[in-house]
Amino acid sequence: MRVTRTCRIPLSELEWRFTGSGGPGGQHANTSNTKVEVRFDIERSPSLGPRQRSRLLERLGPVVRVVASDERSQTRNRDLAVDRLRRRLADALHVDRPRRATAPSAAARRRRVESKKKRADVKRLRRRPPLSE
């Protein structure tokens, strides 16, 4: 399973468990194990580098568990579970670029002041006229 460009996890490292899905469904749902649970042990995985392992442990904990019981087919639920696990791992491995502070441009400051003046004019025109003597 390819998580990112630099991270690949063999499917043999995933633990699978299949159980019956809950809820209504009749005889088919009562007899087939379509609910899929996938577990991935981050601490013991040999395919992760030290930086990847520490980032995943910090953000997700030692074991990641994903459950899929949306579909009536075990195969589709299996695909859903793998996709959810891949997305969760990729999101945890993502490193945000540091934000650089910037100042608003002169045009932006000008537009801001103009919009404030327009808003003030609108509010001023809504007022009652002063009582003339």
Side-chain angles (χ1 to χ4, degrees):
M1 170 176 72
R2 185 176 178 157
V3 179
T4 62
R5 283 185 294 154
T6 58
C7 181
R8 288 177 189 253
I9 297 169
L11 293 177
S12 60
E13 289 187 29
L14 303 179
E15 291 177 40
W16 298 88
R17 197 160 84 193
F18 306 99
T19 55
S21 295
Q27 294 170 341
H28 172 73
N30 295 336
T31 58
S32 56
N33 293 327
T34 56
K35 181 178 178 181
V36 177
E37 178 182 338
V38 182
R39 292 169 45 101
F40 175 60
D41 194 348
I42 295 171
E43 284 183 323
R44 295 194 188 117
S45 174
S47 57
L48 293 173
R51 276 200 219 128
Q52 291 172 337
R53 181 175 285 109
S54 65
R55 180 172 284 280
L56 289 174
L57 285 172
E58 176 187 318
R59 293 188 175 183
L60 299 176
V63 176
V64 181
R65 179 179 162 266
V66 175
V67 177
S69 62
D70 305 9
E71 303 286 337
R72 290 175 60 182
S73 161
Q74 187 186 96
T75 309
R76 287 193 299 246
N77 281 335
R78 188 186 279 234
D79 293 341
L80 275 173
V82 168
D83 191 46
R84 288 177 188 169
L85 178 65
R86 179 185 300 120
R87 246 184 290 133
R88 186 181 270 181
L89 292 173
D91 289 346
L93 286 171
H94 180 72
V95 179
D96 290 329
R97 289 186 306 164
R99 186 190 178 283
R100 243 187 354 200
T102 58
S105 65
R109 287 195 299 264
R110 198 176 324 107
R111 283 192 304 267
R112 180 181 151 272
V113 171
E114 285 171 10
S115 70
K116 285 171 72 89
K117 283 181 182 175
K118 271 188 198 171
R119 186 78 183 138
D121 288 343
V122 166
K123 288 188 170 195
R124 186 176 44 78
L125 291 172
R126 281 188 195 149
R127 288 189 206 143
R128 284 191 181 168
L131 295 173
S132 48
E133 294 178 14

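Sequential numbering from 1 along the given sequence is applied to the chain's residues.
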Verdict with supporting geometry, Leu85 and Val3, side chain to side chain contact (heavy atoms under 4.5 Å, CB included): CA-CA 9 Å; Leu85 178 65; Val3 179; over 6 Å; no

Starting at [atom1] of [X], measure out to [atom2] of [Y] and round the result to the nearest 0.5 Å.
X      : Y      : atom1 : atom2 : answer
Glu13  : Asp41  : CD    : CG    : 9.0 Å
Arg111 : Glu114 : CZ    : CD    : 9.0 Å
Arg78  : Leu80  : CZ    : CG    : 12.5 Å
Ser69  : Phe18  : OG    : CZ    : 13.5 Å

Report whether [X] and [Y] are members of the same hydrophobic cluster (ILVMFWY, side-chain heavy atoms less than 4.5 Å apart, transitive linking).
X     : Y     : value
Val66 : Val63 : no
Val82 : Leu93 : yes
Leu11 : Val67 : no

Working for side chain to side chain contact (heavy atoms under 4.5 Å, CB included), residues Val38 and Glu15: CA-CA 6 Å; Val38 182; Glu15 291 177 40; over 6 Å; no

Decide if atom CZ of Arg44 counts as having more than 12 heavy atoms of other residues, nucleotides or ligands within a radius under 6.0 Å. no

Quick one: does Arg2's side chain have a donor or acceptor within less than 3.5 Å of a partner on Cys7's backbone? no

Side chain of Arg65, backbone of Glu37: donor and acceptor closer than 3.5 Å? no

I'd like to check Val64 versus Arg88 (side-chain heavy atoms, cut-off strictly below 4.5 Å). Are they in contact? yes

Is any side-chain heavy atom of Glu71 closer than 4.5 Å to a side-chain heavy atom of Asp79? no

Thinking salt bridges, do [X] and [Y] make one under a 4.0 Å N-O criterion?
X      : Y      : value
Asp121 : Arg124 : yes
Asp83  : Arg87  : yes
Lys35  : Asp70  : no

Heavy-atom closest pair, residues [X] and [Y]:
X      : Y      : answer
His94  : Arg55  : O-NH1, 3.8 Å
Arg112 : Ser115 : O-OG, 2.9 Å
Glu43  : Arg53  : O-NE, 3.5 Å

Worked verdict on Asn77 versus Thr75 for side chain to side chain contact (heavy atoms under 4.5 Å, CB included): CA-CA 5 Å; Asn77 281 335; Thr75 309; over 6 Å; no

Mind running side chain to side chain contact (heavy atoms under 4.5 Å, CB included) on Ile42 and Leu48 for me, showing each step along the way? CA-CA 8 Å; Ile42 295 171; Leu48 293 173; 3.9 Å; yes

Would you sort out whether Gln74 and Thr34 count as a side-chain hydrogen bond (donor to acceptor under 3.5 Å, both in side chains), showing the intermediate values? CA-CA 4 Å; Gln74 187 186 96; Thr34 56; over 6 Å; no

